Structures are given as structure tokens and as C-alpha cells.
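Order of the sequence lines fixes the chain letters, A, B, ..., with proteins taken first and strands second; residue numbering starts at 1 for each chain. Just so it is clear, the structure is predicted and the values come from calculations on it, not from any experiment.
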There are 2 protein chains.
Amino acid sequence: MTTARRDDPSDLESATDAGALGPLHAYVGYVLRRAQIAVFQDFIRTLAGVDLRPAQFSVLTLIDANPGIVQSRACSALGIQKANFVPMLQELEKRGLTRRVPVDGRSNGVFLTAKGRALLKRARSLHDRHHARITKLIGEPEQRRLIATLDRLATLGE
Amino acid sequence: MTTARRDDPSDLESATDAGALGPLHAYVGYVLRRAQIAVFQDFIRTLAGVDLRPAQFSVLTLIDANPGIVQSRACSALGIQKANFVPMLQELEKRGLTRRVPVDGRSNGVFLTAKGRALLKRARSLHDRHHARITKLIGEPEQRRLIATLDRLATLGE
DNA sequence: TCAAAACCATTATACAGTATAACCATAGAT
DNA sequence: ATCTATGGTTATACTGTATAATGGTTTTGA
């Protein structure tokens, strides 16, 4: 499974055949999407050992930074739908990583379990390698600049 | 029952509540994803009049720049699976925008129809506004820089 | 005080995007 | 002529995202 993956473009410059894209390579949305897919793939491969997908990692990270955060607030912080957050938490809870504690009759505070904290620690160390790979690829100053620019782009919907 | 329940966060600083993200805002993958979603949403809204999603627009653009391109090559250029390209083409063909022409017993060249070219022209003009909005938001030199950086990031998987 | 309104979590559901495997037919190579 | 690689297709599955509807709870303000 090491050679001849996909449709083997061994004679093409990039694995996805960068030629012929025409105007596409000048479209921010298109290039953004391609980059995001590549980064996520690297993330997933790197964190395969802890079996965490990007969304799960971000949820654990958020909870760790905000212990007891209420679901609805976690959702608005992450920009996701509360309806989609429920099965996510159910999965994490089934794995013993998180825990929901009612704060009043309708709200739940969410916490990491000890196991969740331990896993997140391992995940962070793996994520560091992923992050370092990115930093090495684009350079640290450019990485800061990139994040600032992406932050501005993320305000488009507001 | 009729009174439009509102989960409407219109009174929050940012629609997605940027606070409390902890380390997340320093993670390239996370910020990249958020930016990509925002840009795509703006794209979709802007091109709603021609009923084209980003993937469809990119396919039409690719075909326009490479008339008669064979499906498999279009897939590798776009970095998508040939299996997923088929229903996409079926949809575009059903709308009378594209056309597949056998070049030999197994390959199809793909073309835009006149209608497809006309629609793409309208789509481009809408896309220009979307693009201009982005340029205005981040500035033109930064936009060039951004694309260069994203191009590098897209090589992560190779 | 108490009814209306807003809020929280949940379920159900739908759709786009992505991925793999299996298949058939055909082209290319030896 | 046979074997292999290629191109397109179907089927399928899983993730992510979006909306509507529901039950229960808190908040409100008349």
C-alpha cells in the first residue's frame, strides 16, 4: 500500500495534478479548501494513535480551557450547531473522556474526565508534531501572518 | 407554535463567539477550517442566483479552461475521486451545462454546452463580487501572499 | 402569581462531501 | 492472444453541516 496509491500520477508534478487548474488557483476559496483538506489529512494521520478527529480534538481542547462550560456556549464558541454537538458528546462520553453535569434543570456543564485529560495530553504531544511540520513548511512569521489573515476571513459571515 | 423561536445569536459580539477558544485560535488547522467555512458561505450566498455550489463552479471553471478534458484527468486536477465525479457530471448534464463525448471506448471528454458557458459567465460576474469582498477585507498583497502560503500547505499530503 | 416568552438539550432527518470496493468494458503492452 | 492497466460507473458508508420539532426549564413582566 505504499506505492501506486490512487490513480498513480507518477509522471505528474503534484499528486493532485496542479496543472490545468486555470483560474482556480487564483481563487481564495478554492486554494483555501485544498489547503484545509491537506492540513486535516495530516492532522488525522498524525493523531491516529489517539483516535481523535479534528472536531473531537477541538472539543476536548475547548473543554479543557473552559471546564464546566455549558453546551450551548461551547457550541457558539466553536461555531457549530447544538444539535450536532449532542452525538459528539455522547461519543466522547462513551469513551470516558468527557462528562456532563447538570447545572440547573436545562443546562449541562461539560468536563474532561481524568482519562480525557490524559488522552488530551497525549493528543497534544502528537499535535505538536503536526504543528511543527506546518511551521517548518511555511515558516513561523508567515504562520502568524497566516492565522491573522484567516481570522479576518472568518469574519466574512458577520 | 408559530412565533418563530429564536436561537438567534444576533446579539453576540461575533456570531460564533470568538472568546474562550483557548489554544484553538493558534492552531492553523482550526483557523483554516473556520475561514474556509466562512468563505464558502459567502460564496454560496453570492452565487445563489445561478444555483452553483463551490464544487460545481470549480468543475465548470476547469472544463472551460480545458475543453474536452477527460474525466480521470479532471479528477486528478481537482483532487477528487473519480467515483464522486460521476454524479456531479450527471447533475450538471441534467441541467444542460456540460456534455460528455466519448474519445475512445473508455474515456469521455467533457465540454461545456453553450448554456453552460453562458451560466459560467454569469457565475463569474457574481464570483467577482465575492472575490472583491475578500480582497477588500484582507488587501491585495496579502491575498497574493495568502494564496502562496496555502499552496505550500496543500503540499502537506505529498 | 402566573402565563408568555426565551432557552437548553435532544431527537430525527436531510444533504453535501469524501472515501473505498467492486464491476465492466476497453486500451495498451508483451 | 493474453495479461495488465486504465476509465467510467455503481453501491455504499461515514463525517460534517443544517433545519425542524419536542419536552422540559428558567426567565420575564403584566
Measure from [atom1] on [X] to [atom2] on [N] and round the result to the nearest Å.
X	N	atom1	atom2	result
A:Arg34	C:dG17	CZ	P	15 Å
A:Phe85	C:dT11	CZ	C1'	17 Å
A:Lys82	D:dA20	NZ	P	12 Å
B:Met88	C:dG17	CE	P	6 Å
B:Asn108	C:dC24	CG	P	19 Å
A:Glu93	C:dA9	CD	P	13 Å
B:Ile44	D:dG16	CD1	P	18 Å
A:Asn84	D:dT19	CG	C1'	10 Å

Any side-chain N or O of [X] under 4.0 Å from OP1/OP2 of [N]?
X	N	result
A:Arg73	C:dC7	no
A:Gln71	C:dC7	no
A:Gln90	C:dA9	no
B:Gln81	C:dG17	no
A:Gln41	C:dT18	no

Would you indicate which nucleotide in [options] comes nearest to any side-chain atom of [X]?
X	options	result
B:Arg106	D:dT6, C:dC8, C:dA19	D:dT6
A:Arg33	D:dA20, C:dG17, D:dT27	C:dG17
A:Ser72	C:dC8, D:dT10, C:dA27	C:dC8
A:Ala83	D:dT9, D:dT19, D:dG16	D:dT19

Subject >> 5′-ward residue of the pair A:Arg53/B:Ser107 relative to DNA chain D >> reply: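 Its nearest nucleotide lies further toward 5', so the answer is B:Ser107.
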Original post:
Which part of the nucleic acid, if any, lies within reach of B:Asp104 when heavy atoms closer than 4.0 Å are counted: base, sugar-phosphate only, or nothing?
Top reply: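 Sugar-phosphate, backbone atoms only, no base.
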**OP:** Look at all strands and tell whether B:Glu91 reaches a base, only sugar-phosphate, or nothing, counting heavy atoms closer than 4.0 Å.
**Re:**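 No contact at all - B:Glu91 keeps every heavy atom at 4.0 Å or more from the nucleic acid.
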**OP:** Specify the closest pair of heavy atoms between B:Pro23 and A:Arg124, including all atoms of both residues, with the distance to one decimal.
**Re:**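 Heavy atoms only, the tightest pair is CG-NH2, 4.2 Å.
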**OP:** Search all heavy atoms of A:Gly29 against all heavy atoms of B:Phe40 and return the closest pair with its distance.
**Re:**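 Minimum heavy-atom contact is O-CE1, 3.4 Å.
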Original post:
Regarding B:Thr46 and B:Arg133, is there a side-chain donor-to-acceptor distance under 3.5 Å anywhere?
Top reply: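 Checked: B:Thr46/B:Arg133 side chains pair up, N/O donor to acceptor below 3.5 Å.
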Subject >> Along DNA chain C (nearest heavy atom to each residue), the more 5'-positioned of A:Arg100 and A:Ile37 >> reply: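 Nearest-nucleotide comparison on DNA chain C picks A:Arg100.
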Subject >> A:Arg145 (side chain) donor-acceptor with B:Leu146 (main chain) under 3.5 angstrom >> reply: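 Looks like no, no N/O pair under 3.5 Å.
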Original post:
Is a donor on one side and an acceptor on the other found under 3.5 Å between the side chain of B:Thr98 and the backbone of B:Leu112?
Top reply: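 No, the answer is negative, given that no donor and acceptor are paired below the 3.5 Å cut-off.
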Subject >> Heavy-atom neighbours of B:His25 NE2 exceed 12 at 6.0 Å >> reply: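 Open: at most 12 neighbouring heavy atoms sit under 6.0 Å from NE2 of B:His25.
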